[in-house]
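What you see is a predicted model; the values in this text were computed from it and never measured.
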Amino acid sequence: ALASFAARTLLPAHPAARGVRFLCTDVQLSGAQHMAAVASADPRIRFDVQCKDLGSEPLPPTALTLGFHPQPLTKTQDGLWHRILANVLRSSERCLFTCWMRIEAEELVRICSSYGVNCNLGRNPAPFIEGPPGTDIGEEASLKYHFIILVNRNASLGCVSPTVA
């Protein structure tokens with residue numbers, strides 16, 4: 001779906017662009033290389049898959065980062081999710097995060113805002129239902145991609161380099 005979106009929407013909207021490169025990272029890949037290899041037959045669209053611990057390894061500079069289901073409510077002694085988010089914000093001009101629950105989304109906004117970035121929280125009008133019928137009602141329901149958070153570095157702040165104590 002992401003490759004199709006890039007081919008149908010992103011590339012035509014930016015005719016000077018020669019292609020789109022998606023860098024896909026996770027601490028465990030679990031077959032991601034195979035999925036990326038078959039994701040697109042379009043030579044202008046490339047998926048690079050890397051095993052990377054974003055809690056300790058930085059991303060290269062990116063124009064846009066997509067973060068699917070970060071878990072900012074997971075409290076660890078070493079502040080893992082704070083470090084991951086700091087690394088992502090440090091390298092990205094813009095981020096789009098998705099959360100299942102409002103409380104997760106609000107915590108993500110709180111953490112990101114503490115690093116001096118602008119955040120906008122919205123509700124996805126068409127989230128993916130993950131539970132039995134009837135459990136997917138209202139803002140408190142746990143639905144895949146239920147809430148979307150757009151994060152943008154404020155141009156007046158320059159390059160934001162969050163640090164975690």
Side-chain angles (χ1 to χ4, degrees), residues 1-6 10 20-36 39 46-131 135-155 157 159-165:
L2 195 54
S4 176
F5 172 75
L10 291 180
V20 177
R21 176 181 173 233
F22 294 100
L23 172 61
C24 309
T25 67
D26 205 342
V27 72
Q28 295 179 346
L29 296 178
S30 304
Q33 288 109 329
H34 175 71
M35 287 186 284
R46 192 171 103 201
F47 286 85
D48 294 334
V49 178
Q50 295 178 11
C51 186
K52 190 177 280 277
D53 179 357
L54 296 181
S56 60
E57 300 175 71
L59 286 169
T62 63
L64 174 66
T65 295
L66 304 175
F68 300 108
H69 197 225
Q71 298 178 17
L73 294 174
T74 303
K75 303 299 180 200
T76 60
Q77 289 181 343
D78 61 351
L80 177 62
W81 279 101
H82 284 263
R83 289 196 334 269
I84 291 171
L85 292 169
N87 269 335
V88 169
L89 295 173
R90 188 178 298 118
S91 68
S92 306
E93 293 175 31
R94 291 173 196 86
C95 302
L96 183 148
F97 295 106
T98 65
C99 291
W100 273 224
M101 297 179 295
R102 175 174 283 285
I103 192 169
E104 289 176 321
E106 289 171 344
E107 179 66 4
L108 187 77
V109 166
R110 187 191 66 73
I111 293 169
C112 291
S113 295
S114 75
Y115 294 126
V117 296
N118 295 321
C119 300
N120 291 301
L121 169 61
R123 188 172 175 203
N124 182 353
F128 293 134
I129 298 170
E130 71 176 347
T135 62
D136 58 343
I137 299 169
E139 288 195 0
E140 300 309 312
S142 176
L143 303 172
K144 291 182 180 181
Y145 318 119
H146 195 177
F147 294 94
I148 298 171
I149 301 93
L150 299 174
V151 179
N152 192 9
R153 290 197 307 214
N154 185 335
L157 293 175
C159 181
V160 174
S161 295
T163 57
V164 177

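- Minimum heavy-atom separation, Thr98 to Phe68: OG1-CA, 3.5 Å.
- In this structure, Asn152 and Arg94 approach most closely via the heavy-atom pair OD1-CG, 3.6 Å.
- Summarising the geometry, atom OH belonging to Tyr115 is positioned 8.5 Å from atom CZ belonging to Arg90; distances are rounded to the nearest 0.5 Å.
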Check: Which is it for Ile111 and His82 under the side-chain contact (heavy atoms from CB on, under 4.5 Å) test, yes or no, and what are the steps along the way?
Finding: CA-CA 7 Å; Ile111 293 169; His82 284 263; 3.6 Å; yes

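- When side chains are defined from C-beta on, Thr74 does not count as touching Leu80, because their heavy atoms never get closer than 4.5 Å.
- Listed by chain and number, the residues in a salt bridge (Lys or Arg N to Asp or Glu O under 4.0 Å) with Glu107 are Lys75, Arg110 (sequence neighbours excluded).
- With hydrogens and angles ignored, the 3.5 Å screen pairs no side-chain donor or acceptor of Ser92 with any backbone N or O of Leu89.
- Side-chain contact between Cys112 and Ile149 is absent, with no heavy atoms from C-beta onward closer than 4.5 Å.
- The nearest pair of heavy atoms linking Val20 to Ala6 is CG2-CB, 4.3 Å.
- To the nearest 0.5 angstrom, Leu64 atom CG is 8.5 Å from Phe22 atom CZ.
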Checklist line | Working for side-chain contact (heavy atoms from CB on, under 4.5 Å), residues Asn87 and Leu59 | finding: CA-CA 7 Å; Asn87 269 335; Leu59 286 169; over 6 Å; no

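- Side chains of Pro70 and Leu108 form a contact here, defined as non-hydrogen atoms less than 4.5 Å apart.
- Here the side chains of Cys119 and Ser113 are in contact, with some heavy-atom distance below 4.5 Å.
- By the 30° and 60° cut-offs, the orientation of the rings of His69 relative to Trp100 is tilted.
- A distance of 11.0 Å separates CG in Asn118 from CG in Leu150, rounded to the nearest 0.5 Å.
- Going from atom CD of Glu104 over to atom CH2 of Trp81 covers 9.5 Å, rounded to the nearest 0.5 Å.
- When the side chain to side chain contact (heavy atoms under 4.5 Å, CB included) test is applied to Gln50, the partners found at least two apart in sequence or on another chain are Arg21, Leu23, Thr25, Lys52.
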